[in-house]
Amino acid sequence: MGEGTKHEKQNIEAACPCGNARLKIHAPPRFRMYCHCTICQRFNQAPFADVLIYRARDVDLPELGAVEYDTYKPPPNVQRGKCVVCGAAAVETFHAPLLPKLTMVPRAMLPVDAELPEPVAHFFYETRVEDAEDGLPRHEGFLPSQWSFLKTYLEMRV
């Protein structure tokens, strides 16, 4: 699939481990990233999050009641949802004034054999639990990480 810049139609079914929280994805991701922020660590119950970033309109969210959403830090720009049955990280939505609406899907929700782009960078690397052993760019600090995220998203637009 390459860099996630093509937005040809596709249909991928994504689901949590128990199958209760299901998503339908209609276009390739804009990009894939590793996030090391403490919120992602807690939400994903992992040292970092392996996340795919989609335009909100390209993802059908789980049925009402399948996911319980929570705001980990105000303002509530990012809503993070876990499956109500198995508790797995299922989906995150980002809505902020003047910025694109995004849906972020943990890699673990997608089929093992899904054709996905390689991650582009590490974000919030200063709060990492363990060092990364790859050559990807590492962004540290709130503003540099946020700026790099937005810049990456805008560069991937078609």
Side-chain angles (χ1 to χ4, degrees), residues 1-37 39-63 66-67 69-72 76-83 86 88-125 128 132-139 142 144-158:
M1 178 177 310
E3 298 297 316
T5 56
K6 294 179 183 175
H7 287 279
E8 65 274 0
K9 287 289 183 188
Q10 68 175 27
N11 286 303
I12 292 179
E13 299 249 347
C16 66
C18 77
N20 178 61
R22 297 182 167 281
L23 303 164
K24 288 189 181 176
I25 301 169
H26 307 290
R30 292 301 181 142
F31 64 97
R32 181 177 173 188
M33 62 178 248
Y34 295 133
C35 184
H36 296 265
C37 79
I39 293 172
C40 281
Q41 290 172 18
R42 193 168 75 216
F43 176 67
N44 288 278
Q45 299 176 358
F48 60 89
D50 181 352
V51 183
L52 292 110
I53 311 304
Y54 296 90
R55 297 179 299 188
R57 69 178 183 234
D58 292 336
V59 179
D60 295 340
L61 296 176
E63 290 183 15
V67 171
Y69 290 91
D70 196 2
T71 302
Y72 285 69
N77 295 334
V78 179
Q79 293 291 308
R80 292 173 171 86
K82 290 186 174 188
C83 173
C86 69
V91 66
E92 300 170 80
T93 59
F94 173 82
H95 297 162
L98 305 176
L99 293 173
K101 292 180 179 173
L102 305 176
T103 298
M104 295 157 284
V105 179
R107 168 62 183 103
M109 287 285 290
L110 294 151
V112 175
D113 61 350
E115 189 177 325
L116 302 172
E118 291 297 317
V120 297
H122 294 270
F123 294 87
F124 298 98
Y125 194 68
R128 69 191 176 279
E133 300 296 329
D134 58 38
L136 295 175
R138 291 154 170 75
H139 304 289
F142 182 79
S145 290
Q146 292 288 357
W147 172 247
S148 295
F149 178 94
L150 183 59
K151 185 176 175 214
T152 301
Y153 177 83
L154 293 173
E155 287 172 352
M156 297 295 178
R157 294 188 72 168
V158 290

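Start at 1 with the first residue, then count along the sequence.
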Minimum side-chain heavy-atom gap [X]-[Y] below 4.5 Å:
X      : Y     : result
Met104 : Leu52 : no
Asn77  : Leu99 : no
Asn11  : Lys24 : no
Pro62  : Leu23 : yes
Met109 : Val91 : no
Pro117 : Pro29 : yes

Practice prompt. Could you give me the CA-CA distance, side-chain angles and deciding distance for Phe123 and Phe48, then say whether ring pair (Phe, Tyr, Trp, His ring centres under 6.0 Å) is met?
Written response: CA-CA 9 Å; Phe123 294 87; Phe48 60 89; over 10 Å; no
Find the distance between [atom1] ([X]) and [atom2] ([Y]) and round it off to the nearest 0.5 Å.
X      : Y      : atom1 : atom2 : result
Glu155 : Arg30  : CD    : CZ    : 12.5 Å
Phe124 : Gln146 : CZ    : CD    : 4.5 Å
His122 : Ser145 : NE2   : OG    : 11.5 Å
Leu61  : Tyr69  : CG    : OH    : 4.5 Å
Asp58  : Leu102 : CG    : CG    : 10.5 Å
Arg32  : Arg107 : CZ    : CZ    : 6.0 Å

Taking all atoms of both residues into account, what is the closest heavy-atom pair of [X] and [Y], and its distance?
X      : Y      : value
Pro144 : His139 : O-CB, 4.5 Å
Ala14  : Leu110 : CB-CD2, 4.0 Å
Ala90  : Phe43  : N-CZ, 4.1 Å
Ala15  : Gly19  : CB-CA, 4.3 Å
Asn20  : Ala66  : ND2-O, 3.2 Å

For the backbone of [Y] and the side chain of [X], can you confirm whether one donor and one acceptor N or O come within less than 3.5 Å of each other?
X      : Y      : answer
Asn44  : Ala46  : no
Arg55  : Thr103 : no
Arg42  : Ile39  : no
Tyr125 : Ala132 : yes

Worksheet item: Which pairs count as side chain to side chain donor-acceptor pair (under 3.5 Å) when at least one residue sits in residues 88-97, sequence neighbours excluded?
Response: Arg80-Glu92
